[in-house]
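Working notes, structure below.
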Amino acid sequence: MVGYSADDYLRFSADKETIYYSEPVYACEDAYVLPTNDNSEQWGVRSDGHWTYVNCLMYSFPPQGWKIHITSTIYDAQNVLYDVAEYLFVKSISFKYLSSRTCFIQANGKYADRLESGKFITIYPSSEHIFI
């Protein structure tokens with residue numbers, strides 16, 4: 001369990017009400033910052049601490065579709081997020097990104113889940129035309 005000690009694990013597992021559904025709380029002193037958006041009312045932004053989800057409220061996700069992964073170095077991540085987010089805001093395309101530098105390190109570290117490794121931003125086009 002990332003972010004918890006063995007003692008925390010034992011304490012959580014003893015609490016039968018939260019053993020299956022407790023959510024970790026992440027400190028985000030090093031959170032990445034989105035650019036300002038002139039149409040902020042058309043966007044929903046939420047975070048689970050690890051990922052920040054930026055959903056265009058004008059479009060729903062298709063039942064099946066494509067996604068695009070953007071990678072970065074840790075040194076360029078804030079600039080990459082800024083540039084990619086500005087473009088996606090103009091095109092009204094939903095996306096998610098690793099919430100902070102700490103999350104970036106966790107997702108790309110030696111012991112990271114290989115399914116997540118290398119991903120910094122995931123883009124969710126609303127159609128194949130938008131994907132292209």
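All heavy atoms count here, side chains included; hydrogens, waters and symmetry mates do not. All residue numbers refer to positions in the sequence shown, counting from 1.
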From CD1 (Ile123) to NE2 (His69), nearest 0.5 Å: 9.5 Å
Donor-acceptor pair, side chain of Asn108 and main chain of Phe104, under 3.5 angstrom: yes
Donor-acceptor pair, side chain of Ser72 and main chain of Ala77, under 3.5 angstrom: yes
Same cluster (ILVMFWY, side-chain, under 4.5 Å), Ile68 and Phe89: yes
Neighbour count >12 (heavy atoms, 6.0 Å) for atom CD, Glu41: yes
Under the side chain to side chain donor-acceptor pair (under 3.5 Å) test, residues paired with Ser127 that sit two or more places apart: none
Set of residues satisfying side chain to side chain donor-acceptor pair (under 3.5 Å) with respect to Tyr82, sequence neighbours excluded: none
Tyr87, OH: over 12 other non-hydrogen atoms inside 6.0 angstrom: no
His129 atom NE2, neighbour heavy-atom count above 12 within 6.0 Å: no
Ser94 OG to Met58 CE distance, which is reported to the nearest 0.5 Å: 10.5 Å
Hydrophobic cluster identity match, Val84 and Trp43, side-chain contacts under 4.5 Å: yes
From Leu98 atom CG to Thr52 atom OG1, the distance as rounded to the nearest 0.5 Å: 8.5 Å
Donor-acceptor contact below 3.5 Å, side chain Asn37 vs main chain Asn39: yes
Worked check of ring pair (Phe, Tyr, Trp, His ring centres under 6.0 Å) between Tyr32 and Tyr97: CA-CA 9 Å; Tyr32 293 119; Tyr97 63 92; 7.1 Å; no
Donor-acceptor contact below 3.5 Å, side chain Gln78 vs main chain Val33: yes
Spatial distance of atom CZ (Arg101) from atom CD (Gln106) [nearest 0.5 Å]: 13.0 Å
Output field: ring centroids Tyr124/Trp66 closer than 6.0 Å: no
Nearest-0.5 Å distance, CD1 of residue Ile121 to CG of residue Leu88: 7.5 Å
Backbone N/O of His50 and side chain of Ser99: donor-acceptor pair under 3.5 Å: yes
Nearest-0.5 Å distance, CD1 of residue Ile93 to CG of residue Asn55: 13.0 Å
